[in-house]
Structure formats: C-alpha cells, structure tokens
Protein chains: 2
Amino acid sequence: MLGAQGALLRLVATGHAESRAELARLSGLAASSVSLRVEELIGNGLLVEEGSGTSRGGRRPRRLRVSPTAGLLAVADLGAHHARLGLLDLSGTPLIVEERPCDIALGPEATLDWMAAAFDDLLRTHGPPGVPLRGVGTGIPGPVDPAGGRVVSPSRMPGWNNFSVAEHLGARYDLPVIVENDANLLAVGEARAWPGCDNLMVLKAGTGIGCGVIMDGRLHRGRGAAGDISHVRVTTDSSVMCSCGHPDCLEAYASGAALMSALNERGIPVRRPADVVSLAEDGVPEATALVRNAGRLIGEVLTVLVNFLNPDAIVVGGNLSRAEPLISSIRAAVYERCLPLATRDLEIAVTRSGPDAALLGAGSLLLDAVLA
Amino acid sequence: MLGAQGALLRLVATGHAESRAELARLSGLAASSVSLRVEELIGNGLLVEEGSGTSRGGRRPRRLRVSPTAGLLAVADLGAHHARLGLLDLSGTPLIVEERPCDIALGPEATLDWMAAAFDDLLRTHGPPGVPLRGVGTGIPGPVDPAGGRVVSPSRMPGWNNFSVAEHLGARYDLPVIVENDANLLAVGEARAWPGCDNLMVLKAGTGIGCGVIMDGRLHRGRGAAGDISHVRVTTDSSVMCSCGHPDCLEAYASGAALMSALNERGIPVRRPADVVSLAEDGVPEATALVRNAGRLIGEVLTVLVNFLNPDAIVVGGNLSRAEPLISSIRAAVYERCLPLATRDLEIAVTRSGPDAALLGAGSLLLDAVLA
DNA sequence: CGTTTTATCTTCGATATCGAAGGAAGATGA
DNA sequence: TCATCTTCCTTCGATATCGAAGATAAAACG
C-alpha cells in the first residue's frame with residue numbers, strides 16, 4: 001500500500017534514521033528518490049521536519065520525525081489477573097500506559113470486549129483529537145498460532161483454546177491487528193534496546209516461564225510454540241508431576257507459581273511473584289535458596305540452547321527478574337557448563353526496557369503491519 | 001555486480017523457476033522486465049532456452065536452464081581421513097564427485113594444497129574446456145567463524161586453530177570462496193530436498209555429532225559454533241569425562257567414536273562408523289543396544305530444542321543415519337517427551353539427499369556468493 | 001473442428017528511480 | 001575573516017521498471 005514510502009517511514013519511526021541522508025544510506029535508495037518520497041510523506045502529514053540535527057562535519061541534517069498526528073496504536077499485554085494497556089504514536093513512543101486488573105478466566109469474548117472498552121476509554125481520555133487509530137495489538141499469556149492469530153493449547157487460559165483472537169479483533173477494528181505470545185512481545189520490545197545483537201534469547205520469568213527468541217534480528221515463531229522451556233525435564237532429587245503429564249518439568253520447580261507454593265507450604269505467605277522478590281531481597285533464607293535453585297535449573301536448561309544457538313545475549317525479564325540471586329545463578333550455570341566458544345561474547349543481563357517492553361514490542365510488530 | 005539479473009539466474013539455478021512467467025511470479029518483477037533481463041542473460045551465455053515445459057492449461061512455457069558453459073564450482077567436504085570433492089555446474093548439479101583419502105592432521109597448508117591439487121586434477125579430467133571456474137567452497141569438520149572463514153577451537157583438527165581457510169583459499173583463487181562447518185553444509189544441502197520446510201534441524205551422526213540449523217529458510221550460524229549438541233550433559237548411570245573437561249557429554253555416549261570404543265572394549269572389533277551400522281543390521285545385540293541407547297540420549301537432547309524451536313522436521317544424516325535403531329529411538333524419545341504442540345506436525349526422517357548433500361549445500365551457498 | 005479459455009511472452013507509453021552535477025549550510029583552519 | 005572542506009539536500013537528464021494491451025500458443029469444450 002505505502003510501498004517504498006512505508007520502508008522510509010519505518011526507518012524514521014524505529015529511530016534508525018533521522019535525516020534524508022541517513023534514509024538514503026540505510027534504504028539503499030538514491031538520495032534524490034529519498035527526497036521525493038520524504039516530500040510526499042510530509043505532504044501526507046505522516047512526517048514532519050523538526051529543527052536540525054548535529055553536524056557530522058558538514059551541513060547539519062534537517063531532522064525528520066514521525067508526525068504526532070500520523071496515527072495511534074492501541075496495544076495491550078494480557079496477564080492472568082492484570083493487563084497493561086497503552087496508546088503509542090507511530091514511532092512506538094507511549095502516550096499513556098496503564099495497568100488494570102482483569103480476569104482472562106472469564107473467557108475470550110468477555111476479556112476482549114473489556115479490552116476494547118479500555119482502549120475506547122484511553123482514546124477518549126488521552127488520545128489527541130483527530131488522530132486516527134491505525135492498529136491494534138495484544139499479547140497473550142499462552143501459545144499463539146502465527147498464521148491465524150489463534151490461541152492454541154494454553155495452560156492457564158480456560159475457554160480460550162482454539163479461539164481466534166485476531167479474527168475477533170479484526171471484526172471490531174478494520175485495521176491491522178497483531179496477536180502474539182507475551183514472551184515474544186517482550187523479546188521484540190527488548191531487542192530494540194540491544195542494538196547490534198541480532199540473536200537474542202529473552203526469558204520471561206514470572207508466574208510462568210516463557211522465552212522469546214530473536215534470530216537474525218527477527219522474531220522466531222516456529223509453529224507458534226517456539227520459545228517454550230517450561231516443560232523441559234530437569235534433574236532433581238525429588239520428583240513432581242507437572243500438569244502436562246510429565247515428571248520434573250522446569251516449570252514445576254522454577255516458575256513463580258512453583259516458588260510461591262513452595263514458600264506457602266513452608267508457612268511463608270506469598271501471593272504474587274513480586275512477594276518472592278521482596279523476600280529474597282530481605283534475605284529470607286528459604287526464599288533465597290529457592291530462587292537460587294530456580295536460577296540454577298533455568299541456567300542448566302539454557303545451557304543446551306546457548307550451545308546450540310550461540311546467541312549474543314540472554315536477557316532476563318518478568319516479575320522475578322529483579323531477584324538478584326536468580327540471575328546470578330543463571331549466569332553461574334551457563335558460564336560453567338557451556339562451551340567457551342559460545343560464552344566468549346555472551347552477555348547475560350536483566351531487561352533494559354522496563355515494564356513496558358512488551359507494549360513496545362507490540363508497537364514494533366504493529367508498525368511493520370501498518371506500514372506494509 | 002549482476003544485480004537483478006543475479007536474482008533471476010539464482011531462481012533458475014536453484015530450480016525454483018523454469019520459465020519467464022515463473023520468474024515474474026517469484027521475483028516480483030514485472031513480466032516485461034523479466035523478459036528483458038532474461039534476453040540479456042541468454043545473450044551473455046548464462047541462460048539457455050531448452051524446449052518447452054508442461055502446460056498449466058494454456059500456452060506452454062519456454063523452459064529456461066542455466067547454461068552448462070556458464071561456469072563451474074569446485075566444492076569439497078573435508079573429513080578426518082577422507083574428503084569428498086566435486087565439480088558442480090552453476091545450477092548445483094554435480095558433474096563429478098570423488099572420495100579420496102586425506103589426512104587433515106597434516107595441518108591446514110598441506111591439506112588445502114592437497115585439495116587445490118585435487119581440484120586441478122578434477123578440472124583437467126572432467127571440466128568441460130572453456131568453462132570458467134566461478135567459485136570454491138569447502139566444508140570443515142569443526143567450528144568456523146562466519147565472519148573471517150577462520151577455524152576456531154576445533155576438537156579433532158590439530159594445527160588448524162585460528163587458521164583462516166577463507167584467506168588462504170582467497171589468495172590462491174581470485175574467486176568467491178565459502179568455508180563452512182560440515183554439518184552446516186549438510187543442512188543447507190538437505191534443505192533443498194525439503195521444500196516447504198523453513199525450519200529444519202539436520203543432525204550429522206558420524207564419528208562426531210553435529211547439527212546444522214535452518215531457520216526461516218536460512219542457515220543459522222550464531223557466532224560460528226551454532227548447532228553444537230555434542231557437549232550437552234546427559235543423564236546416565238555411569239560417568240565419563242569428556243575431552244571438553246565436563247562429565248557426561250552426549251558425545252561421550254552417542255558419537256560414532258564412543259560407540260566404536262565401547263564395542264572394541266567388549267571385544268567386538270570395529271574401525272569405522274559404518275561397521276557399527278553393519279553390526280546393528282546383523283542384529284548383534286551389543287551393537288543394537290548401544291545404538292538404541294545413543295538414539296535415546298540424542299532424542300532427549302533434541303527434546304529441549306524441539307520444544308524451543310518448533311522445527312518442521314528433524315533430518316538425520318551422517319554415517320550412522322542408516323542404522324535403523326538409531327532413528328527409531330530418537331523418534332521415540334522426542335515424541336514421548338515433547339509438547340504435543342511441537343510434535344504435531346514434526347517429521348523425523350533420514351536424509352533425502354544422499355552422500356553428496358554437503359557438496360550440494362556448498363554449491364548452494366557458493367551460488368549466493370557468485371551471484372551476489 | 002472451430003470456439004472459448006487459459007497461460008506465456010512481447011510491445012510500448014507512463015512512471016519511478018538513478019546518478020552526476022550543483023547549490024546550501026555549516027565545520028575547519030590559516 | 002575568508003577560503004576550503006565536508007556533509008546535506010535538490011535539480012535534471014538518463015535509465016530502468018512498470019503495467020496495460022496485444023500477440024502467440026496450446027488446452028478444454030461443445
């Protein structure tokens with residue numbers, strides 16, 4: 001639809017280019033063609049010129065930005081009991097982000113209607129008047145079939161199995177819609193904060209354990225379930241049966257849910273993964289030991305994947321990521337057991353993007369869909 | 001250099017397109033532009049028209065082929081004691097393939113000089129006169145840094161560490177040169193036989209265990225060591241120290257080398273991985289049991305990767321792949337333990353491409369380099 | 001058989017892109 | 001301060017691509 005102009009707009013929106021000259025360098029188009037296209041984009045109100053950039057030894061570039069009136073994206077990241085919702089401009093910058101309680105156990109229709117109402121609310125209260133909505137995207141705490149935007153075999157989403165979220169949203173909004181697993185969105189969002197790292201594994205350690213994979217700079221989806229590490233068998237003394245029907249899955253030992261129930265059993269009351277982090281920060285021995293053990297088990301699983309995929313970085317996000325013992329024991333396990341060749345330049349770090357990473361990721365994917 | 005014409009030539013060379021109409025469909029260019037470019041390619045002697053293809057309900061297409069005189073590719077796959085060498089035309093079709101004994105332990109210079117002499121020999125005896133050599137490619141039984149074509153930390157190649165094979169070959173041949181890990185070449189070659197499968201894991205089970213990964217239709221290299229599964233820790237009763245310094249690596253139990261030494265220890269003399277296959281085919285219980293155990297261990301490692309990457313197929317190649325118990329126990333382990341979502345459409349099969357797969361893979365990568 | 005349908009390939013004017021040359025604006029340095 | 005250099009951006013003629021219409025060739029069908 002937008003053709004070559006879309007590619008240029010995308011380069012500006014993603015922050016890769018700020019001037020006509022940069023666009024020419026990055027897009028491969030001739031400088032003259034870039035000028036023509038940019039003139040059109042400015043005419044259409046999609047780009048604006050805004051002052052001038054810093055000189056690189058010659059004439060200062062005329063800085064280009066995506067127009068604030070070019071459009072809005074409505075994005076959400078659905079969790080089991082809370083959802084983060086936000087409005088972004090076309091450059092992916094949040095205008096407003098809110099967290100609201102919700103309950104996905106009410107089923108897909110009710111939840112998505114609630115989400116749409118929340119979007120309407122945000123647009124009314126925070127949307128600049130006259131700026132059109134251009135796309136809708138949402139993260140789902142379960143596997144999503146990449147072809148049909150359909151939820152498949154989710155473990156904690158009663159009533160959602162085989163429900164096509166993309167179709168349902170597409171019927172309401174006549175706009176590009178993206179539906180994606182929450183860990184995948186996190187990975188895409190996080191990738192923006194890791195320039196130069198084309199191969200990234202982004203762990204989401206929260207109530208469950210998920211992982212998003214960026215390879216060659218792009219999200220790897222496989223058939224929709226890519227990134228699963230929660231049902232890998234781990235070696236432990238005890239033996240626990242997982243809900244998937246197999247014994248000793250990683251999830252049964254290292255997920256936030258598992259840590260919480262272990263603490264509760266020992267008479268230490270916790271209600272949310274964040275409580276586990278607090279206990280570990282306060283130096284409660286039981287919590288620290290459990291978190292360390294979780295990190296070790298996660299690290300041992302990652303070992304296999306690091307040897308096999310040779311990523312540039314492993315990024316740990318999710319509610320549990322702020323627990324220092326978790327990441328240090330992941331580091332220890334990976335560096336101890338992986339091939340030197342694979343760990344030589346491997347960075348293992350906590351998220352750089354903060355709590356809105358998944359929403360930024362949704363914006364990034366949506367932008368591609370909107371500017372296709 | 002060749003620009004848009006290169007893309008068209010590549011589509012014909014890879015067998016994706018056979019007529020101008022197909023080229024137009026696949027390249028995205030207008031039919032008229034395709035006709036013009038094809039005319040030039042024919043004029044340059046790179047393409048030829050050859051009869052007509054089968055009708056799809058209308059006029060028969062005029063079949064296009066890469067000219068046999070367009071050029072030759074010299075490719076090799078170096079093993080520890082043998083090398084396969086071949087000449088391909090620009091469509092990747094072998095003119096001649098030979099297996100010759102060699103010894104990489106003589107070091108890089110000696111081995112590469114030997115290889116060059118073998119290429120000269122093949123060109124003299126089997127190269128059509130007047131057809132130019134357009135590229136040289138070789139597979140290496142060890143990790144190769146993708147940037148510099150440099151061998152890094154190989155385990156069975158004394159004297160090769162940090163040697164830049166690409167630079168050495170580039171000095172001799174003023175042509176595009178590719179240097180790649182042998183399992184990676186196998187994967188690329190095998191991928192041609194699996195149309196529609198964009199995500200492939202290709203296991204090379206021979207003296208060592210290697211794996212090549214095709215994701216999104218392209219070879220995944222990581223930082224050069226991607227595809228390693230041999231140094232994953234497996235769970236067994238006994239405990240063996242691996243040469244990498246860690247206990248219980250997969251390689252120590254499931255590689256051809258491990259199987260051979262285990263059989264020899266039990267008084268059953270074997271000298272090559274193929275001997276193990278013969279023994280298993282003959283129903284020698286010790287051999288069958290060892291092979292089954294190897295398959296189970298490999299399968300358990302693959303379990304993690306299948307859950308994580310959701311490939312379309314796992315292809316088993318290498319000398320040991322003809323051992324039926326190996327593949328059936330890999331299948332059993334993967335299907336038993338992986339998520340249903342990941343195995344629903346997963347195929348696990350032996351190689352479709354035969355013994356020249358790695359050479360075909362080298363040709364495929366070289367073609368991209370030659371037609372860039 | 002001839003007519004219709006389908007697909008392949010080419011012709012030709014309209015459009016888009018390119019690239020060399022030059023103008024604009026600031027950095028650099030005597 | 002002024003000439004010179006670097007970078008940014010535009011102008012304009014040359015070139016490449018597009019796409020609609022037509023020509024070609026064969027299959028499908030009455």
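Order of the sequence lines sets the chain letters (A, B, ...), proteins ahead of strands, with each chain counted from 1.
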Using whole Å, report how far [atom1] of [X] lies from [atom2] of [N].
| X | N | atom1 | atom2 | result |
| --- | --- | --- | --- | --- |
| A/R63 | D/dT7 | CZ | C1' | 16 Å |
| B/I42 | C/dC9 | CD1 | C1' | 12 Å |
| B/E39 | C/dC9 | CD | P | 11 Å |
| B/R56 | C/dC9 | CZ | C1' | 14 Å |
| A/L36 | D/dC12 | CG | P | 12 Å |
| A/E40 | C/dA16 | CD | C1' | 10 Å |
| A/L8 | D/dC9 | CG | P | 13 Å |
| A/R20 | D/dT11 | CZ | P | 11 Å |

Test B/R62 against B/E18 for salt bridge (Lys or Arg N to Asp or Glu O under 4.0 Å), laying out the working first. CA-CA 8 Å; B/R62 292 152 70 183; B/E18 266 197 344; over 6 Å; no

Quick check on DNA chain C: between B/G58 and B/R62, whose nearest nucleotide comes earlier from the 5' end?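 Here B/G58 is the residue nearer the 5' end.
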
Determine, step by step, whether A/R221 and A/E180 satisfy the salt bridge (Lys or Arg N to Asp or Glu O under 4.0 Å) criterion, reporting the C-alpha distance in whole Å, the side-chain angles of both residues, the deciding distance to 0.1 Å, and the verdict. CA-CA 10 Å; A/R221 292 188 175 86; A/E180 192 55 76; 2.7 Å; yes

Quick check: any donor-acceptor pair below 3.5 Å linking the side-chain of B/R59 to the base of D/dT24?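 Such a pair exists between side chain and base.
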
Mind checking if A/S19 touches a base, just sugar-phosphate, or nothing, with heavy atoms under 4.0 Å?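 Counting heavy atoms under 4.0 Å across all strands, the contact made by A/S19 is with sugar-phosphate only.
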
Donor-acceptor contact present, side-chain [X] to main-chain [Y], <3.5 Å:
| X | Y | answer |
| --- | --- | --- |
| B/R65 | B/V48 | no |
| B/N199 | B/D216 | yes |
| A/D89 | A/G92 | yes |

5′-ward residue of the pair A/G57/A/A21 relative to DNA chain D: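 Of the two residues, A/G57 wins.
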
Output field dot_bracket for DNA chain D (Watson-Crick or G-U, both distances under 3.5 Å, | for other-strand pairs) contains |||||||.||||||||||||||||||||||

To the closest 0.5 Å, what do you measure between NE2 (B/H220) and CG (B/L309)?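 These two atoms lie 8.5 Å from each other.
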
Counting only heavy atoms and a strict 4.0 angstrom limit, can you tell me which residues of residues 23-34 of chain A come near DNA chain D?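 Heavy-atom cutoff 4.0 Å gives A/R25, A/A31, A/S32.
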
Please tell me if A/R37 has a side-chain N or O lying less than 4.0 Å from either OP1 or OP2 of C/dT17.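 Affirmative; the distance criterion is met.
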
Have B/S353 and B/T351 got a donor and an acceptor in their side chains that come within less than 3.5 Å?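 Judged by distance alone, the side chains do not pair up.
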
Can you give me the closest heavy-atom contact between B/T69 and B/G45, atom names plus distance?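 So the minimum-distance heavy-atom pair works out to OG1-O, 4.1 Å.
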
Can you list everything that forms a salt bridge (Lys or Arg N to Asp or Glu O under 4.0 Å) with A/R344? Sequence neighbours excluded, please.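 Once residues adjacent in sequence are excluded, A/R344 has no partner under the salt bridge (Lys or Arg N to Asp or Glu O under 4.0 Å) criterion.
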
